[in-house]
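Beneath this line is the structure, given in structure tokens, with notes to follow.
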2 protein chains.
Amino acid sequence: MTVSSLAIASAALATDACDSCPIRHRAVCASCEGEELDRLAEMKTYRSWKAGDVIAMEGDELPFVASLVTGCASLTRTLEDGRTQMVGLLMPSDFLGRPGRRMAAYEVTAATDVTLCMFKRGAFEVMLADTPNVSRRLLEMSLDELDAAREWMVLLGRKTAREKVATLLAIILRRASNDAAPLRAQLPLTRDAMASYLGLTIETVSRQMTALRKAGVIELDGTRGIACHDLAALLTEAGDDEDGTFLS
Amino acid sequence: MTVSSLAIASAALATDACDSCPIRHRAVCASCEGEELDRLAEMKTYRSWKAGDVIAMEGDELPFVASLVTGCASLTRTLEDGRTQMVGLLMPSDFLGRPGRRMAAYEVTAATDVTLCMFKRGAFEVMLADTPNVSRRLLEMSLDELDAAREWMVLLGRKTAREKVATLLAIILRRASNDAAPLRAQLPLTRDAMASYLGLTIETVSRQMTALRKAGVIELDGTRGIACHDLAALLTEAGDDEDGTFLS
DNA sequence: CGTGGCTTTGAAACGGGTCAAGACTGGTGG
DNA sequence: CCACCAGTCTTGACCCGTTTCAAAGCCACG
């Protein structure tokens, strides 16, 4: 399994200092300060996985909930006959696990190298119950994810293969690059993972990438690198009615 | 617009008695008692719409949030060129609106006659902030909706037209009927709405309904009535790996 | 009894899937 | 250091399911 790491120097993560945590201001802990933050810090544990590792299988007991600190992980559901659909893509600060549910509802896989900030389920649930700063933030994040899921439903239900690929590339480019044109990024996903997320086959993803390149909308650099000189053109290909604000 | 009402005697709703409310134990108010319930009761207003009415358009200001009391409403997103995808189906006890957001993110349409129990946004947000019984329930409901949305992503991304239609019929039959075989129900959705939800065209929905009837899996009674003697067979057609537990 | 909206049915076109090679990439061991 | 190997990605040809376009049937309602 190719290792294409987005990991930030893991030395910083080995310490317990939430102050220097890269997701401090966006994760489920974002609204906590002082005592509350200390309490979270006491119950947390870091753990890392390599790209391609399965973090949890559908139906496994998941004894923790977690914030994704670095990297990128996917949530996937499998049908009886093996067909597979990615239903979520966790990026730094996203929350993994559902309070009140012991079993993983989806297979969780590390798309790149991943580090989680984990909380034991029981302790976290107690904290959730008595700490509005946590429960409010979690509600907010859940509603954002719901919006993202619904946006994705539009893509899955109504967009053409070309629009699907363009949409995904636009999202990745906007997230990863510091908006100076040309936008550049390394794809955190294999073609396989892209296909799974987009409800397509690998071959179709590959063909559409080539088509977008030949149309001059994007440039490819090796198998993972992409660049785009004209985001507007890419967004037009994506077929959105706005400018692709979504995906939490 | 054809009126196909699921409405329960609206006389009961005209009163302010939460005790006799059909969704009392499942809606966002479910965990509230005594004082808290009184407080909610004071800020609530009922309002009804006819089947086909638009309750809110995408981008409209929505000055309230609400629980759906009776009937069925759809959330729909539209692409620039007019393609349309339903992203949610609200059934009794479901929550409408997002605390903290003024604008409707989706078009909300009454699929059947609908009655909402509405709360003014401001007052509800205050209550949400200081009443764990409300915020906890809303979090739970949001996470259920997120699960349902993800389940739907699998359907949109990977299922065949036949499986899509079978899945939707199974869900409606299970919800609507009092599980004595044969399961019977009146569809709360037009073919158009079904197609919108399933990411298909009207014609394909119609063809698959006919195909399922000819295969002996379902019976059709007029244009809205369906019956099913063998739910297991229908679930097999639906292609699920379990027994279709989802959709909040 | 006619009208308009919803639904069904049919025929043809097309987009994406499937199957099958072949090319590239990065890592490994001679 | 280079050749090889396994895994990943690309490309091509063909096929099938769904959409598109068109027309006819059905139903509720005026």
Side-chain angles (χ1 to χ4, degrees), chain A residues 1-5 50-52 79 81-85 111-112 155-166 168-169 186-214 218-226 237 239, chain B residues 1-5 50-52 79 81-85 109 111-112 155-166 169 186-214 218-226 237 239:
Chain A
M1 193 66 55
T2 307
V3 175
S4 167
S5 174
K50 288 276 169 205
L79 256 30
D81 60 4
R83 279 174 292 178
T84 215
Q85 173 67 49
T112 64
L155 175 143
L156 290 173
R158 297 297 173 193
K159 288 192 176 178
T160 64
R162 181 158 179 159
E163 289 170 332
K164 286 178 175 182
V165 171
L168 181 58
L169 294 181
Q186 288 295 114
L187 295 174
L189 302 177
T190 62
R191 296 286 184 275
D192 211 4
M194 291 177 66
S196 173
Y197 204 14
L198 297 171
L200 296 171
T201 58
I202 299 181
E203 295 94 325
T204 301
V205 171
S206 181
R207 276 188 257 269
Q208 296 305 331
M209 299 271 289
T210 304
L212 287 171
R213 178 174 57 71
K214 285 186 179 164
I218 57 168
E219 282 159 37
L220 300 179
D221 171 25
T223 188
R224 289 298 188 93
I226 52 170
E237 294 286 356
Chain B
M1 195 65 57
T2 308
V3 175
S4 168
S5 175
K50 288 278 170 201
L79 292 173
D81 60 4
R83 280 174 291 177
T84 216
Q85 173 66 49
T109 309
T112 64
L155 176 144
L156 290 172
R158 297 298 174 192
K159 287 192 176 178
T160 64
R162 181 158 179 157
E163 289 171 331
K164 286 179 175 181
V165 171
L169 294 181
Q186 289 295 115
L187 295 174
L189 302 177
T190 61
R191 296 286 183 274
D192 210 4
M194 291 176 66
S196 172
Y197 204 14
L198 297 171
L200 297 171
T201 57
I202 299 181
E203 295 94 325
T204 301
V205 171
S206 180
R207 278 188 256 267
Q208 297 304 332
M209 298 273 289
T210 305
L212 287 171
R213 177 173 59 69
K214 285 185 178 164
I218 56 168
E219 282 160 35
L220 300 178
D221 172 24
T223 188
R224 289 297 188 94
I226 53 170
E237 295 285 357

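Below, chain A is the first sequence line, B the second, and so on; all start at residue 1.
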Handout entry: Worked verdict on B:K164 versus B:Q208 for side chain to side chain contact (heavy atoms under 4.5 Å, CB included)
Key = CA-CA 9 Å; B:K164 286 179 175 181; B:Q208 297 304 332; over 6 Å; no
Rounded to whole Å, please give me the gap between [atom1] in [X] and [atom2] in [N].
X      : N      : atom1 : atom2 : result
B:R191 : C:dT8  : CZ    : C1'   : 9 Å
A:R224 : D:dC9  : CZ    : P     : 6 Å
A:Q186 : D:dT8  : CD    : P     : 17 Å
B:E163 : D:dG17 : CD    : P     : 12 Å
B:L187 : C:dC6  : CG    : P     : 16 Å
A:K214 : D:dT10 : NZ    : P     : 12 Å
B:M209 : C:dT7  : CE    : C1'   : 10 Å
B:L212 : C:dT8  : CG    : P     : 12 Å

Atom of [X], atom of [Y] and distance for their closest heavy-atom approach:
X      : Y      : value
A:A195 : A:I202 : CB-N, 3.6 Å
A:G225 : A:Q186 : CA-OE1, 3.3 Å
A:P188 : A:T112 : O-CG2, 3.5 Å

Problem - Qualifying residue, where the test is side-chain contact (heavy atoms from CB on, under 4.5 Å) with A:L187 and the options are A:L220, A:I226, A:T223, A:L168 - result: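 Looking at A:L220, A:I226, A:T223, A:L168, the match for A:L187 under the side-chain contact (heavy atoms from CB on, under 4.5 Å) is A:I226.
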Practice task
Would you mind telling me which of A:L79, A:L198, A:L156 makes a side-chain contact (heavy atoms from CB on, under 4.5 Å) with A:Q85?
Solution key: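 Option passing the side-chain contact (heavy atoms from CB on, under 4.5 Å) with A:Q85: A:L156.
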Problem - Main-chain N/O of B:R83 paired to A:R158 side chain as donor or acceptor, under 3.5 Å - result: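 Between the backbone of B:R83 and the side chain of A:R158 there is no qualifying donor-acceptor contact (under 3.5 Å).
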Could you list, one pair per line, each protein nitrogen or oxygen that sits under 3.5 Å from a nitrogen or oxygen of nucleotides 23-27 of chain D, together with the distance?
none

Exercise for the section: Heavy atoms under 4.0 Å is the rule here; annotate nucleotides 16-23 of chain C 5' to 3' with B where the base is hit, S where only the sugar-phosphate is, and - elsewhere. Expected result: SSBB----
Problem - Minimum side-chain heavy-atom gap B:E203-B:R207 below 4.5 Å - result: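 They are in contact (side-chain heavy atoms under 4.5 Å apart), so the answer is yes.
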Handout entry: Side-chain touch A:M209/A:L212, heavy atoms, less than 4.5 angstrom
Key =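 Not touching, per the 4.5 Å side-chain cut-off.
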